[in-house]
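In what follows, chains carry the letters A, B, and so on, assigned in the order in which the sequence lines appear, proteins first and then strands, with residues in each chain numbered from 1. All values below come from the heavy atoms of this structure, side chains included, with hydrogens, waters and symmetry mates left out.
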2 protein chains.
Amino acid sequence: MQANSQQDESRSPRYYRIYQALLTDIQHGSLKPGDVLPSEMNIAQSHGVAPGTARKAVDMLVDRGWVERQHGKGTFVRRADFSHSLARFFRLTDREGVQLHPKSELLGVREVPGSAKICRHLEVAENSELIEIERVRRVDEMPLLHEVIYLSRARFHPLLDLPPEEWGDLLYPLYEQVCGEVVFRATDTLSAGPAPEGPARHLGLGAGELVIEITRLARGYDERPLEWRLSRGRLDWFHYSFDIR
Amino acid sequence: MQANSQQDESRSPRYYRIYQALLTDIQHGSLKPGDVLPSEMNIAQSHGVAPGTARKAVDMLVDRGWVERQHGKGTFVRRADFSHSLARFFRLTDREGVQLHPKSELLGVREVPGSAKICRHLEVAENSELIEIERVRRVDEMPLLHEVIYLSRARFHPLLDLPPEEWGDLLYPLYEQVCGEVVFRATDTLSAGPAPEGPARHLGLGAGELVIEITRLARGYDERPLEWRLSRGRLDWFHYSFDIR
DNA sequence: CAGTGGTCTAGACCACACC
DNA sequence: GTGTGGTCTAGACCACTGA
């Protein structure tokens, strides 16, 4: 057996091209969250490579968080789970260290013309119709965060017809069930600044008091922006820790 | 050839045991930062496994940031580089987007008895003699951070004899050159709170004004705590962004 | 040139899930 | 049982580094 020329056509390794092909399938939606990938033997045969090469391509997808292996069952496209994302920033455990889950109170759902800044973030035309969602998230009735969320009306208009009592505590499952839009990843940006009057009141603060600001741009599997949000929280609850190097 | 029983003795795979053996060498100092690892063929032979298995062990070290491969030369134990770590938190670029490097002004180096909290973080006996370093870090003369740093006197006493003009802008290279202590990784924790009078003055603020607080616990290759520091910075310079999922 | 890591092959057997 | 992923072998050739 000879390892026949790894560099036929393109300059990249075979496993990398297979990785890209699978990733494209995921990003274009032919492989949806929850779907099973072809088996590694299958991938190897259909690409005409040895099993080890196909495996390495799948390894890359696993390392980068696109798929999950399940021994004996198969490899599946991951569904993102942001339900604990707030715990990154706030002390959300009770005295026994048990994880607490914030409740959401919906303050309003409005159709608004998009500002230049938000439209740019969402990569839609300026003044596009957007949906603005305002809510407060509480733990044990203590207000933790005030959030303003913007979505493209074109993609998310079914939310406008949803009665308030059907909005749960988490938006992303709603996006998926009601609008068929799936959030895969997000970029959070932390900053701090004075709170405008409305948000301050909901947080039990005076206007202009300093709050932590978390802006988030959430994206789908195809990397297109789906949601932009600005969350404001009390500094005295805030806390974030992570490793470097 | 048969794949003869992967599970002789312990239950873990061979590549994992090789990974652990190499990691132990790094953490115990028989492999120091900058040292070259044995070649993959070498590792394979000395552990009596196929090259691919040895390679997988090295892959794990690479993935976890312990070593770096250099094609054609070898695999080397990494030396951590924290010189850009502040850029994670503060806008440290000029108008052209060029990276700026903060200057450090040494305010004081003192021998102090360790408080209970700090001794616990450093994992030394309560009331152990510590070294306290106070400094201000500036960009373009603008004060960015006020820092208080604690080190074990037993390990770092050579710093006490170092004249102020020989302290550069970065402490970690100093630790290595003067004390032989190498920082490999650190945990940063973000919070916010009112600034005491001293730090506030150095930041150009009034006492009690809110500042961002970054506490850091830095560790060596053997995971033992080397340094604990509390940095306070102006909220209006603060900014942090990262991806989730 | 020899030595290193980078890619790849074509198999093997094991452990787990499901029928 | 079959089919999946998990580990492992014993080689091959390629690309890069440095003497």
Does the side chain of [X] get closer than 4.0 angstrom to OP1 or OP2 of [N] through an N or O atom?
X        : N      : value
Thr53(A) : dT9(C) : yes
Arg55(B) : dC8(D) : no
Thr75(A) : dT4(D) : no
Arg69(B) : dG6(C) : yes
Ser39(B) : dG3(C) : no

For [X], give me all partners under side chain to side chain donor-acceptor pair (under 3.5 Å), at least two apart in sequence or on another chain.
X         : answer
Gln45(B)  : none
Gln177(B) : none
Glu123(B) : none

Please work out if Val49(B) contacts a base, only the sugar-phosphate, or nothing of the nucleic acid, heavy-atom cut-off 4.0 Å. sugar-phosphate
Please convert DNA chain D into dot-bracket. A pair counts if it is Watson-Crick or G-U wobble with both distances under 3.5 Å; crossing pairs go in [ ] and bases paired with another strand get |. ||||||||||||||||||.
Could you state the [atom1]-[atom2] distance from [X] to [N], rounded to the nearest angstrom?
X        : N      : atom1 : atom2 : answer
Lys56(A) : dG5(C) : NZ    : P     : 14 Å
Tyr15(A) : dG6(C) : OH    : P     : 9 Å
Met41(B) : dA2(C) : CE    : P     : 16 Å
Arg14(A) : dC8(C) : CZ    : P     : 7 Å
Asn42(A) : dG5(D) : CG    : C1'   : 13 Å
Ile43(B) : dT9(D) : CD1   : P     : 14 Å
Asp59(B) : dC8(D) : CG    : C1'   : 14 Å
Arg17(B) : dT7(D) : CZ    : P     : 12 Å

Testing dC8(C), dG5(C), dG11(D) for proximity to the side chain of Pro51(B), the answer is dG11(D)
Which word best sums up how the rings of [X] and [Y] line up, parallel for under 30°, tilted for 30 to 60°, or perpendicular for over 60°?
X         : Y         : result
Phe89(B)  : Tyr240(B) : tilted
Phe238(B) : Phe90(B)  : perpendicular
Tyr150(B) : Trp228(B) : tilted
Phe82(A)  : Tyr172(A) : perpendicular

Which atom pairs, one a donor and one an acceptor, fall under 3.5 Å between side chains of residues 51-61 of chain A and the rest of the protein, sequence neighbours left out?
residue  : atom : partner  : partner atom : Å
Arg55(A) : NH1  : Glu40(A) : OE1          : 3.0
Arg55(A) : NH1  : Glu40(A) : OE2          : 3.1
Asp59(A) : OD1  : Arg69(A) : NH1          : 3.0
Asp59(A) : OD1  : Arg69(A) : NH2          : 2.8

Quick one: on DNA chain C, does Gly52(B) or Val36(B) contact a more 5' nucleotide (nearest heavy atom)? Val36(B)
Name the pairs: protein N/O against N/O of nucleotides 17-19 of chain C, kept only if under 3.5 Å.
residue : atom : partner  : partner atom : Å
dC18(C) : OP1  : Lys73(A) : NZ           : 3.2

Name the residue from Arg138(B), Arg135(B), Arg216(B) that meets the salt bridge (charged side-chain N to carboxylate O under 4.0 Å, His left out) definition with Glu147(B). Arg135(B)
Taking the cut-offs as 6.0 angstrom to the six-membered ring centre and 45 degrees off its axis, would you call Arg14(A) and Tyr19(A) a cation-pi pair? no
